[in-house]
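Report on one structure; see the data block that follows.
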Amino acid sequence: MKELSKQYEPSKTEDDIYKMWEESGFFNPDNLEGEPYSVMMPPPNVTGVLHLGHAMEQSIMDIMIRYQRMNGKKTLLLPGTDHAAVATQAKVEKILIADGMKNPREELGRGKLLEEIRDYAENSKSTIISQMRKMGASCDWSRLSYTFDKERSIAVNTVFEKMYNDGLIYRGHRVINWSVKGQSTCSDDELEHMERPAKLYTFKYSKDFPITIATTRPETKLGDTAVAVNPNDKRYKRYIGQIFTVDVGAKNPLQIKVIADSGVEKDFGTGALGVTPAHSPIDFAMYEKQKSQNNPIELIQVIDKHGKMTEAAGSDYENLTVEEAREKFVIYLKENDLLEKEEDIIQNVGTSDRFGDVAEALPMTQWFIDVNKKIPGKDESLKELMKTAVSTGHGNDIKNKINITPDRFESIYFSWIDNLHDWCISRQVWWGHQIPVWYLNDKIHVGSTAPSNEWTQDPDTLDTWFSSGLWTFSTLGYPEKTTDLETFHPTSWMQMGHELLFFWMARMILMSTYTLDEIPFKDVYIHGLVRDEKGNKFSKSSGNTLDPLDVISEYGTDALRLSCISGISPGNDLKFYTKKVESGRNFTTKLWNIGRYITNATENEISLTKDTSLSSADTWILTKLQETVKNVTKDIDKYNFSHASEILRSFTRDDFADWYVEIHKVEKNDAVLIHVYKTLLKLWHPFIPFVTETIWQEMFNEEKILMIVKWPTLEIKLEQNKTSFDAIKELITHIRNIRATYTVPANSEIDITVITTDDQNVIEHTDLIKTLTKVKTITTQDEDSPQIESASAVFENYKLYVHLANIIDIKKEKQRITDDISKTQQYIDSITKRLDSEQFVMRAPKHIVETEKENLQIAQIKVLKLSEHLKNLTN
RNA sequence: GGGUGUGUAGCUCAGUUGGUUAGAGCGCUUGCUCGACAUGCAAGAGGUCUCAGGUUCAAAUCCUGAUACACCCACCA
């Protein structure tokens, strides 16, 4: 066996190891056999560099993929990036503005600005890709995708056309959310609701108007065309259907019709609602409802897309900003004695998540996806498709059900679906898939290319989630019927943060079930956010950002990967701090050092066979190993990555390094030592691929690289005599614990009598224990009062210490043992009481009764042992 | 307003369908170079499991209520 170097230095070896993996070709499933297993990497936005959240995702995904690969699957982890339409354009515009440009869109024009954004995106893309490599992600680079590349654009256009032809995409004039700052629409999901102080004004349109209404947006009242009341409200019933003409200063006097709407609450506010169809989604819904009931009301737009008042608002208000208009209108109300009340309230407003301004509701012609319409040839709408995929399974086949971990997200998902409105997919930014629709006069053509030169393309682009929704199959060659698509779709597993549940997961389900009639993935694992030690989000503004690359260069990738998955549980946030990385780094060092011991202490690589004779310690460690293999496998299968790493760590440290390696120094069994270590390397590989592969390469002469070595299985049959070693362990520990009770005469040897239970195996090992516990020479200076020079004495041949430096306090030790005895006695009493209790005997399951009896026996033996020691002390 | 999650050692969290005397890592105290490891080893201190009821032979675990924090959703004018 080759020797390992003194220290493990990740920064010197990681890049070479990654290169070796990549060149081996096994990142590519084409070079692997077995059942397909595919994971699509959530494509990071090309808006910047990867942060710790990505580091966590990369870790989780790569653990899963490496685990599956070692289990003999034909694994595909497909990497990619997302052009992130609005987000990227907003980001680049912000940079340009910071560099002194006033209005990048006007100053550069579409072509030049797109060039700027493209440069930025390409740059960001290559950074992101190199970061993924640094993380050790074992993805197939030959299939690298980008939501905005040629193949993906074809997929986008194809799906758009299909939906359009199915009548699911329509162009409509409706009230949408508009970001004045970004000059673009945003979907309902892209709004971030924020609380802010506002004033609630209660007023009448005019002196003789019979109904008082309230509003936080007085300026929009210039566009009111109705007042809605509850149909059962006695106060207002008689006015329903009447039209009042009021002049509030708008261009034309307002024709206010009193309408009935059961959505209006009688007891809330004045019980009446001023209806502004053009500037409120609810009011617009009433407008549509009235229209469908042949009782139409007007729609007057008083705010334009620049956030200024329109001509319809009247000459007093035209061209004022909404704030100015609000002030002016309130003054008007006051002057005419129409204002009844002015209160301070907290209001919830929707702001654009990318541009940050409060979204304005405006009526506009936009493209929508109809989620409620029945899909031709099916009896379901898109909404229903999205629902059944997670409830009864796609096509009502439970085999096609998407499982979400943790499952509480399923009900969150359903309630979101219930509130889902038509999805506005057109955006007025330039960075994105331009809508594949062409116009010539009144004619419309849908397709990637124009029928002829005279046609002009719709200038708008698609919501970025349209293309992201196709990710599971656009990456596999769709619309071509490729073997990849056939082999890897539906994908096996998907992981994402809970913030993407609606944005992305829902849309993937929609797109995949609609387009391919397949679910996009079988299982989804939802993880939380990465937060700092104090629980804050990592963000530039709070200045707590940590670059994963810095962490890697200081501690190594494996340390980062370990810290990213330790302490996580599905759906819950993770707190990240450097102590965690440190302990990860320390652990990789530990693993390395065990390897160093093995190369020092053993001659040849001997493998474990049926004929290898096993001591009780050997059997014990092998049994423990098998348990560990079983539990780690179970945990990964259930996505308990953190727990898997914990039990592995505990086995490696507490059982293998602290006990077995020490015992190996006395009872050499190289075959077992090497077997356990190699198995450990395999088990650890998905978590910490670099250090394990490095050790594998440097120490052993294996044909296969560790990455594709078979995952350990439970193949060795062992005689179950583990109890014997556990008993020995317990005894040794106990002897260690009582070490301090002996005063040591100068130059003497101490014999510690081992008290055995009547366990056969323990008796067999008594001699071993005796040699192990014989204390070596102690040098003291003075025979009468033992001043101990050497601070410790060593159990012969064993690295177990007897500490003698600050002993001598026999009183204290007696007290300790006495306490221990009384505590144990209490326990015995309580168990006995329980065992005696009739109800317990009647109702407790059999195995519980047995366990309790065993416990009682153990406790009694303990008391016996302790009393014996106490007696020794007293003598 | 509706919903979800969380409250366990100083800190970060485990705690498997109720069943040993409630665990780990970090931190803290004490001691220590023994043939890999001070990025280490050994020992130790530290917990009315948020609170109050209830179910049970048995509750950190199940039920009810309270309370604190976090998050998500929503058209209360």
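Order of the sequence lines fixes the chain letters, A, B, ..., with proteins taken first and strands second; residue numbering starts at 1 for each chain.
A cation-pi arrangement is found for A:Lys678 relative to A:Phe700, the charged atom lying closer than 6.0 Å to the ring centre and inside a 45° cone about the ring normal. Both tests pass for A:Arg649 against the ring of A:Phe587: distance under 6.0 Å to the centre and angle within 45° of the axis.
Aromatic rings of A:Phe409 and A:Tyr413 (six-membered ring for Trp) have centroids beyond the 6.0 Å cut-off, not under it.
Taking the C1' atom of each, B:C62 and B:G3 are spaced 22 Å apart, rounded to whole Å. Nucleotides B:C37 and B:G19 place their C1' atoms 40 Å apart, quoted to the nearest Å. Rounded to whole Å, the C1' atom of B:A74 lies 8 Å from the corresponding atom of B:G1. Rounded to a whole angstrom, the distance from the C1' atom of B:U48 to that of B:U12 is 23 Å. Comparing B:C28 with B:U21, their C1' atoms are spaced 24 Å from each other, to the whole Å. Rounded to whole Å, the P atom of B:A68 lies 31 Å from the corresponding atom of B:A22. Between B:C72 and B:A9, the distance separating the two C1' atoms is 32 Å to the nearest Å. For B:U50 and B:G15, the P atoms lie 15 Å apart once the distance is rounded to whole Å.
To the nearest 0.5 Å, atoms CH2 (A:Trp592) and CD1 (A:Ile695) are separated by 6.0 Å. Rounding to the nearest 0.5 Å gives a distance of 10.0 Å between CG of A:Asp189 and NE2 of A:His421. Between A:Phe641 atom CZ and A:Ser566 atom OG the span is 13.5 Å, to the nearest 0.5 Å.
Residue A:Ser280 is out of contact with every strand shown, counting any heavy-atom pair closer than 4.0 Å. When heavy atoms are screened at a 4.0 angstrom cut-off, A:Lys6 is found touching the sugar-phosphate backbone but no base atom. As judged by a 4.0 angstrom heavy-atom cut-off over every strand, A:Glu852 is placed among residues making no nucleic acid contact. Residue-level contact check: A:Arg408 touches the backbone only, with heavy atoms under 4.0 Å from sugar-phosphate atoms and none from bases. Counting non-hydrogen atoms under 4.0 angstrom, A:Ala285 reaches nothing in the nucleic acid. Among the atoms of the strands shown, none is found under 4.0 Å from any heavy atom of A:His498. Residue-level contact check: A:Val275 touches neither bases nor backbone, having no heavy atom under 4.0 Å from any strand.
Contact check, A:Lys590 against B:C41: a side-chain N or O comes under 4.0 Å of OP1 or OP2. For the OP1/OP2 pair of B:A74 and a distance below 4.0 Å, the side-chain nitrogens and oxygens of A:Asn348 include no atom meeting the criterion. Contact between the side-chain N/O atoms of A:Arg653 and the OP1/OP2 oxygens of B:G25 is not found at any separation under 4.0 Å.
The NZ-P distance, from A:Lys853 to B:C57, rounds to 20 Å in whole Å. The separation between A:Ile345 atom CD1 and B:C75 atom P is 16 Å, rounded to whole Å. As rounded to whole Å, 13 Å separates atom P of B:G25 from atom NE2 of A:His643. Residue A:Arg649 contributes atom CZ, which lies 16 Å from atom P of B:U39 at whole-angstrom precision. In this structure, A:Tyr597 places its OH atom 8 Å from C1' of B:A36, rounding to the nearest Å. In this structure, the CG atom of A:Leu574 is 16 Å from the C1' atom of B:G5, given to the nearest Å. Computed from coordinates, the A:Glu838 CD to B:C57 P distance equals 12 Å when rounded to whole Å. Distance CD1 (A:Ile647) to P (B:G23): 18 Å, rounded to an integer number of Å.
A salt bridge links A:Glu582 and A:Lys579; the closest N-O separation between the charged side-chain nitrogens and carboxylate oxygens is under 4.0 Å. Ion pairing between A:Asp637 and A:Lys634 fails under the 4.0 Å rule for side-chain N and carboxylate O. Between A:Arg834 and A:Glu852 a salt bridge is recorded (basic side-chain N to carboxylate O distance below 4.0 Å).
Ring geometry for A:His527 against A:Tyr525 counts as tilted: the plane angle lies between 30° and 60°, on a 0 to 90° scale.
Mapped onto RNA chain B by nearest heavy atom, A:Arg843 and A:Asn593 fall at different nucleotides, with A:Asn593 at the one closer to the 5' end.
In this structure, the nucleotide among B:C76, B:A36, B:A14 sitting nearest to the side chain of A:Glu646 is B:A14. Considering only the side chain of A:Phe502, B:C72 comes nearest among B:C26, B:G40, B:C72. Closest contact between the side chain of A:Phe268 and the listed nucleotides B:C73, B:A77, B:C57 involves B:A77. With distances taken from any side-chain atom of A:Val264 to the nucleotides B:C57, B:A77, B:A14, the minimum falls on B:A77. Side chain of A:Arg531, nearest nucleotide from B:C71, B:C26, B:G19: B:C71. For A:Ser583, the listed nucleotide lying nearest its side chain is B:G25; candidates were B:A77, B:G25, B:G27. Side chain of A:His193, nearest nucleotide from B:C72, B:A77, B:A74: B:A74. Considering only side-chain atoms of A:Phe840, the nucleotide from B:U39, B:U56, B:G19 that sits closest is B:G19. Here the side chain of A:Thr589 is nearest to one of B:C57, B:A74, B:U39, namely B:U39.
A donor-acceptor pair is defined here as one N or O able to donate and one able to accept, closer than 3.5 Å; no such pair exists between the side chain of A:His193 and the backbone of A:Asn348. With A:Asn230 contributing its side chain and A:Glu265 its backbone, the two residues share no donor-acceptor pair below 3.5 Å.
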Per-nt protein contacts along nucleotides 6-12 of chain B (heavy atom under 4.0 Å; B base, S backbone sugar-phosphate only, - none) come out as ------S

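For the 3.5 Å distance criterion, the side chains of A:Thr628 and A:Asn631 fail to qualify, holding no donor opposite an acceptor.
Each of A:Asp233, A:Leu273, A:Ile259, A:Val227 was compared with A:Val264 under the side chain to side chain contact (heavy atoms under 4.5 Å, CB included) criterion, and only A:Leu273 meets it.
Checked by distance alone, A:Gln839 brings no side-chain donor or acceptor within 3.5 Å of a matching partner on the base of B:U56.
Near RNA chain B, meaning a heavy atom under 4.0 Å away, the residues from residues 410-420 of chain A are A:Asn419.
Counting all heavy atoms, side chain and backbone alike, A:Pro363 lies closest to A:His279 at CD-CE1, 4.3 Å.
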Let me check I have this right: for RNA chain B, each base becomes ., (, ), [, ] or |, based on Watson-Crick or G-U pairs with both distances under 3.5 Å. What is the full string?
((((((((.[[[[.)...(...]]]].(((((.......))))).....[[[[[..)....]]]]])))))))....

